[in-house]
Amino acid sequence: MTGVFSAPDIQQRLLTFELADSIYAIPIACIVEVSEVEPLACIPTLPTEIAGVMNHHGDALPVLRPNVLLNVEAAKLGEPTQVLVISETITGGARLGLPVDRVMGLVDGESAMSRDEDPVAERRSIDDRVVLVLDPVRLVDRAKEVIESSLGRNE
Amino acid sequence: MRVSLKYKFVFGAVLVGLSAQIVPALIEAGGLAVHWSLSSLVALGFGAGLGWLLSRDLSKTFQQLHRASDQMSRGDLTVQVVADETPHFPDETDALAHSLQGMAGSLRNLVEHVQSTANRVSHAAHELTRSAEHVSTNNGEISSTVANLAENVSQQQSQLNEAARLIHEIASTIERNADHAREAFGFAAEANQKANSGVDIARLAIEKMRTVFERVEHAVAKVFELEEKTRHVNQISSIITSIAHRTNLLSLNASIEAARAGEAGRGFSVVADEIRKLAENSGESAEEISKLINEIQVDTHDVADEMRESSLGMREGREDVDTIAHTLENIRQAVGEASNRAEEIFHGADSQTQGVERMVSAMDEVAKGAESNSISIDGVVATSQRQLISMSEMVSSSTTLTELAEQLQEILRRFETGSSVAKEPQS
């Protein structure tokens, strides 16, 4: 997965968003689009970790619950206003939807890589606020693991 | 033929004289020698005989007269003075007898009349005595009654004086009432005038209030329109906010695309950032506007609610104002009616005062009359007492009169008139 995001500019721009009273940042290189929350199609066979499937320009986009990807309490999650469409690579690959409480904007900053399986790579102070910088690779891997484990559990 | 007594005496004297002359002459002529003295005696005898003849009737008459007068003096008025036989030569004695007979008849008539009168007087005296006694008794009762009447009149006079005093007090009270009625009439007239002016002022105020109500209702309609427009502005603001949000999202995605485009998208990234900042500013401004609009809308909504309540209140207020106007009109009519009544009371009190003055005057006259009556009654009492004394005297006098009448009857009973009048029993 290393070297996927080769463009230095993209590595130096972060998208910040608010989720469960915490501020997160993720490199915009893995952001395909910031989309409005649209009605999710509920599929009975989907595992509970998957909130639903969203129509993203004609493609079925799985939308996962944030609390299964990040270490947040489900009770603190607010009503999502946007969905971050995250791709596995800058050129394509697997995509997933992550509903967030509110997208805050773009900031300049280096991306970070997680040293373990936790998607949160580091905690950084940006504009006097503590921002949790996510590693998109770990985040997508976590999503895959959740989906696969849930599908395997269903089987 | 009636011959007067003096002629009879003259005739006798002449006969005596003639006999005294003739007899001696005849004796001398007869040749008789008769002494002159004898002849004188013969002449005297002849003369005496003639005189006796002539005086016999006279004596008889006088005797009859004497008997008659003697009987009359004894009270026998039935005496027959005049003889039945008619004398040949009546003279004054006959006339005297006739007169005495007439006197006896007149006395008899007089005595009979006096006896009859005495009887009537006695009867009347008895009646008078009884009447006087009855009148005296009645006078006593009258005197007692008059005394009671005097006492009653005295009480009546004191009552009349008390009534006059009360009438004066009532008159004074009525006069004060009349003054009060006059003042009340003045106040009522002033109140009527003020009520009229108050009604006019209230009518103007009501018209102004109606104008205010209309303006307020117009303002309420404007506020409702403003509320509607504010809601519309809020919708627009929401649309702007949504657009800003979408623009922000688009600019964000544009920035992402620009970043993903690498060096080629650097310029576009700057533009996208500026657009995003503008969109954020627009969104913030739109949100502020939306907040302000929300606040305005809330305030407008509150104002509209207040206006609705005020409108209801004003509708009630308008009804109240109409009620007040109607009530003021009723008050004005009532005050006018009260003023009319006060005027009638005033005029009635004035008439009452005049009537009471006349009543006081009449009462004074009645009191004076009662006082005069009291004085008169006192006079009547005194007169009655004097009348009682007089009646006692009258009873005594009538008793005396009865006694005198009885004495007179006793005296008259001595006279014999041949009539039954004197023998009438006394009642």
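Labels below follow one simple rule: chain letters A, B, ... track the order of the sequence lines, proteins then strands, and each chain is numbered from 1.
Ion pairing between a basic and an acidic side chain is recognised when a charged N comes within 4.0 Å of a carboxylate O; A:Arg102 and A:Glu18 show such pairing. Ion pairing between B:Glu329 and B:Arg332 holds under the 4.0 Å rule for side-chain N and carboxylate O. Under a 4.0 Å N-O distance rule, the pair B:Lys277/B:Glu280 does not qualify as a salt bridge.
For B:Gln193, the CD atom is loosely surrounded, since the number of other residues' heavy atoms within 6.0 Å does not exceed 12.
With a 4.5 angstrom heavy-atom cutoff, A:Glu36 touches chain B via backbone and side-chain atoms both. No part of B:Asn248 comes within reach of chain A, as not one of its non-hydrogen atoms sits under 4.5 angstrom from that chain. Using a 4.5 Å cut-off between heavy atoms, A:Val34 contacts chain B through both its backbone and its side chain. Of the atoms belonging to A:Thr81, not a single heavy atom falls under 4.5 Å from chain B.
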